[in-house]
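Counting begins at 1 with the first residue of the sequence. Just so it is clear, the values below take in all heavy atoms, side chains as well, and ignore hydrogens, waters and symmetry mates. As the structure lists them, so they are numbered: ligands from 1, and atoms in each ligand from 1.
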Amino acid sequence: MADTPHVLIIGGGFGGLWAARALARTPVHITLVDRSNHHLFQPLLYQVATAGLSAPDIAAPLRHLLRGQQNVEVRLDEVRTIDTATRRVMLDGGTLDYDFLIVATGATHTYFGHDDWARDAPGLKTLDDAFVMRRKVLEAFEAAERESDPAARSSWLEFVIVGAGPTGVELAGTLAEIARHTLRDEFRHIDPRDARIHLVEAGPRVLPSMPESLSASAKRQLEKLGVEVHLGEAVTAVDDVGVEVGGRRIATHSVLWAAGVAASPLGRQLSDHCDRAGRVPVQPDLSLPDHPEVFVIGDLATVTQDGKPVPGIAPAAKQMGAYVATVIRDRIAGRTPKPFRYHDYGNLATIGRMAAVVDLRGLHLSGLIAWWFWLIAHVFFLIGFRNRLTVLIDWAWSYWTYKRHARIIFGRRPRDTTG
Ligand SMILES: Cc1cc2nc3c(=O)[nH]c(=O)nc-3n(C[C@H](O)[C@H](O)[C@H](O)COP(=O)(O)OP(=O)(O)OC[C@H]3O[C@@H](n4cnc5c(N)ncnc54)[C@H](O)[C@@H]3O)c2cc1C
């Protein structure tokens, strides 16, 4: 054991978990550290935020996922400092030395220097965030039902989603569906169909990572669902009673944030040359320039291939995780590893029930066929048979009934998020 190289992996997301699994047959001892006890399937987090799925449908304990892999131990802990000079990592619960370090701590959203907006405009990255968002949305309808003043009531029925990337589009489309169908007939003093869903984007189109024709199709599909899409309009102020967009004010208590990318703060400890989002530039083998034993992968790394950045998406993180495992194996065996190459299998985004867009390396699909494609891909990539089964059953049920089973309000109030 003393001679067995110690691989320390920080982060049990797509990059870290795939690296750990790919090292299963390598003679190394692995410690996988994560500050949460579960691996989270972030692509379906918006479904938890909009009450379509429950937390265990899209998350699984890391300890359980790795129970059969004898060369790995899981540690629930938060990493605070990485000292590459001494090859030591400081955690809340102690220190760990390593021979190889894989940093896969991901990224989150950013408020572009307005961190005070976080209180009134929660973002979506973790299960806790999804619960906060779900509560905010469901409570807004409850508050509208109680309110007798028409202007105040309307302000509870205005929802503003900031950022028209995949998460913003998914949230807007699903909220429109909830207002138009799910909540119909359940209230006595309001008609939930009066709710207005605004999707605000500073850039010129929705889904900017998609080809222009699919962006245009996505916008049309959103509008068909009743979403008001505002392009080229930046948010300039947010508080608990409204938001300023493109110079005018919308009175609302429900701003949901889906804009910007900020890499994990650990990145800045690893490089003085991080990009504006805090992502770490890496060598062709995903290691740090002066530290071949330290790898940075997934959303935390900035990797350019054929002049284009490798996207911050789950397949890229998984491929990087599997790749660094081969690099470690090659190094131990005295071989020279090949450089990392990202394989792009396509780009999908859902908009709502039976509405989606898919770009399969130039083959463009939209509408119903794209939605089926999106649904099958997401169920297939979910971790665990139980999760696939429960998600399929939940979706089939809500497909036929328009109902969303996870509408129980509990947990922190949205305004407690900073506490
Ligand atoms: C709402 C949302 C929707 C998305 N939808 C899609 C989609 O539809 N398709 C797609 O391909 N991609 C999607 N993505 C992006 C995709 O989830 C990421 O690209 C992917 O998760 C990146 O993997 P990662 O391993 O780099 O980071 P993550 O998967 O984010 O994992 C990082 C892990 O590190 C842990 N961690 C962070 N800091 C510390 C610390 N200091 N100490 C210990 N542990 C720490 C975290 O708890 C987490 O488990 C979405 C992301 C979000 C947030």
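- Applying the 4.0 Å criterion to heavy atoms of Ala317 picks out, from ligand 1, the atoms 22 (C), 23 (O).
- Nearest protein neighbour of atom 40 (C) of ligand 1, counting heavy atoms only, is Val79 N, 3.8 Å.
- Taking every non-hydrogen atom of Pro315 and a distance limit under 4.0 Å, the qualifying atoms of ligand 1 come out as 11 (O).
- Heavy atoms of Leu348 found under 4.0 angstrom from ligand 1: none, in either backbone or side chain.
- At the shortest separation from atom 39 (C) of ligand 1 among protein heavy atoms lies Thr105 CG2, 3.5 Å.
- Remark: aromatic rings of Phe112 and His114 are distant, center separation not under 6.0 Å.
- When each atom of ligand 1 is checked for a heavy atom of Ile313 under 4.0 Å away, the hits are 10 (C), 11 (O), 12 (N), 19 (O).
- Of the protein's non-hydrogen atoms, the one nearest atom 47 (O) of ligand 1 is Asp34 OD1, 2.6 Å.
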Could you walk me through whether Asp92 and Arg80 pass the salt bridge (charged side-chain N to carboxylate O under 4.0 Å, His left out) check?
CA-CA 7 Å; Asp92 280 346; Arg80 298 291 176 187; 2.8 Å; yes
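- Looking only at protein heavy atoms, the nearest one to atom 25 (O) of ligand 1 is Gly15 N, 2.8 Å.
- Judged purely by atom type and a 3.5 angstrom limit, Arg361 uses its side chain to pair as donor or acceptor with the backbone of Asp344.
- Among protein heavy atoms, the minimum distance from atom 43 (C) of ligand 1 is reached at Arg35 N, 3.4 Å.
- A heavy-atom distance below 4.5 Å is not found between the side chains of Pro315 and Lys318.
- Pairs passing the ring pair (Phe, Tyr, Trp, His ring centres under 6.0 Å) check and including a residue from residues 68-88, sequence neighbours excluded, do not occur.
- Residue His38 has no N or O atom closer than 3.5 Å to an N or O atom of ligand 1.
- Within the structure, ring pair (Phe, Tyr, Trp, His ring centres under 6.0 Å) pairs that include any residue of residues 216-242 comprise His198-His230 (at least two apart or interchain).
- A centroid separation of less than 6.0 Å is found between the aromatic rings of Phe141 and Phe159.
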Walk me through whether Leu183 and Arg407 qualify under side-chain contact (heavy atoms from CB on, under 4.5 Å).
CA-CA 10 Å; Leu183 300 181; Arg407 277 172 47 205; 3.5 Å; yes
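- Residue contact check: Gly298 has heavy atoms under 4.0 Å from atoms 26 (O) of ligand 1.
- Arg21 has its side chain within reach of Leu66: a pair of non-hydrogen atoms, C-beta onward, lies under 4.5 Å apart.
- For the ligand labelled ligand 1, residue Asp77 lies inside the 4.0 Å heavy-atom shell.
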Please walk me through it: do Arg331 and Asp285 pass salt bridge (charged side-chain N to carboxylate O under 4.0 Å, His left out)?
CA-CA 11 Å; Arg331 295 259 188 85; Asp285 67 356; 2.9 Å; yes
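- At a heavy-atom distance under 4.0 Å, atoms from both the backbone and the side chain of Pro43 approach ligand 1.
- Asp299 N, 2.9 Å is the protein heavy atom nearest to atom 26 (O) of ligand 1.
- Of the listed residues (Gly123, Ala314, Gly13, Gly11), the one carrying the non-hydrogen atom nearest atom 11 (O) of ligand 1 is Ala314.
- Listed for the Lys136 side chain is no donor-acceptor partner under 3.5 Å among the backbone atoms of Val255.
- Of all the atoms in ligand 1, the ones that sit under 4.0 Å from a non-hydrogen atom of Ser36 are 47 (O).
- A heavy-atom separation below 4.0 Å is not found between Pro166 and ligand 1.
- Side-chain contact, Gln319 with Arg341: no donor N or O sits under 3.5 Å from an acceptor N or O.
- Here atom 53 (C) of ligand 1 lies nearest to Leu124 when heavy atoms of Ile102, Leu62, Leu32, Leu124 are compared.
- The shortest contact between atom 15 (C) of ligand 1 and any protein heavy atom is with Gly312 O, 3.8 Å.
- Of the protein's non-hydrogen atoms, Gln42 OE1, 3.4 Å is the one closest to atom 51 (C) of ligand 1.
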